[in-house]
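Report on the structure given below.
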Amino acid sequence: MPDKKVPVVKHGDVTQRVGVEVIKARGVDVDLLIKKLIANAAAEFASTYYYYTILRMHLAGHEDYKEICEDARLEDRAHWELIVPRIYELGGELPNDLPAFHDQAGCRAAKLPDPPTAVNILTLLLESERCAIRSWIEICDMTFGKDPRTYDMASRILNEEIEHEAWFIELLAHERDGKSIPSGHFRRGEPGEAPYSKNRGFYNP
Ligand SMILES: [Fe+2]
Ligand SMILES: [Fe+2]
């Protein structure tokens with residue numbers, strides 16, 4: 001039985017989307033959701049994927065740290081790829097200007113610290129992952145029980161951000177404090193495997 005609160009989209013009308021109207025009718029503020037998804041996409045692409053590349057380069061002498069930084073870097077790229085199509089489906093679009101896009105990021109750029117010691121880099125990585133967790137749980141809260149498609153994507157990403165935080169707690173505690181705080185991590189099958197967020201698995205489960 002169709003939901004009576006959903007406005008009728010006329011036959012053949014390409015100016016409206018039933019996929020958007022049904023989530024609005026369930027209480028999603030779609031304009032706000034698009035804005036937050038763009039901010040999160042900018043954080044994945046600019047604040048972390050780009051800057052983690054530089055951070056990884058500077059973890060010289062720590063091949064294990066490099067590899068884990070690389071997993072986090074490639075998985076943030078997977079997060080970007082996963083969520084961008086959803087922005088367009090919802091009727092939004094990416095800014096056609098890279099600096100403007102960068103400036104909308106919901107997390108601070110993970111710029112190379114001075115001095116670029118392993119402790120300083122791991123601290124920055126840890127705090128970047130914490131920002132990502134806060135940003136993605138906000139999307140989960142906005143969409144839970146109302147927009148299953150966005151919720152599913154956001155919760156897949158959140159799974160990996162929580163893993164990333166645990167990895168960097170383990171590495172920073174070891175490097176800075178000489179302490180053992182296990183994350184449960186061994187290694188991905190392939191660098192940046194993204195077990196929860198990979199696009200292929202999502203579209204062809
Ligand atoms: Fe991410
Ligand atoms: Fe991450």
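Only this structure's heavy atoms are used, side chains among them; waters, hydrogens and symmetry mates stay out. Counting convention: from 1, in listed order, for ligands and their atoms alike.
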Discussion item. For E138, is there an ion pair with K36 - N to carboxylate O distance below 4.0 angstrom?
Written reply: yes

Worksheet entry | SB check R188 E75 (cutoff 4.0 Å) | yes

Response to the item:
Hits for side chain to side chain contact (heavy atoms under 4.5 Å, CB included) against Q104, two or more places apart or cross-chain, chain-then-number order -> I38, P95

Worksheet, complete the sentence: What lies under 2.8 Å from the Fe ion (ligand 1), restricted to protein N/O/S atoms, is E44 OE1, E44 OE2, D76 OD1, H79 ND1, E161 OE2

Worksheet item: How about T53 and R73: does a side-chain donor come under 3.5 Å of a side-chain acceptor?
Response: yes

Fill in: Residues that, via side-chain heavy atoms closer than 4.5 angstrom, fall in one hydrophobic cluster with I68
Y50, Y51, Y52, I54, L55, L59, Y65, L112, V119, I121, L122, L124, L125, L126, W167, F168, I169, L171, L172, I181

Donor-acceptor contacts, no H, no angles, side chain residues 139-148, under 3.5 Å, sequence neighbours left out:
from	atom 1	to	atom 2	distance (Å)
T143	OG1	I139	O	2.7
T143	OG1	C140	O	3.4
D147	OD1	R86	NH2	3.1
D147	OD1	R149	N	3.4
D147	OD1	T150	N	3.1
D147	OD1	T150	OG1	3.3
D147	OD2	T150	OG1	2.6

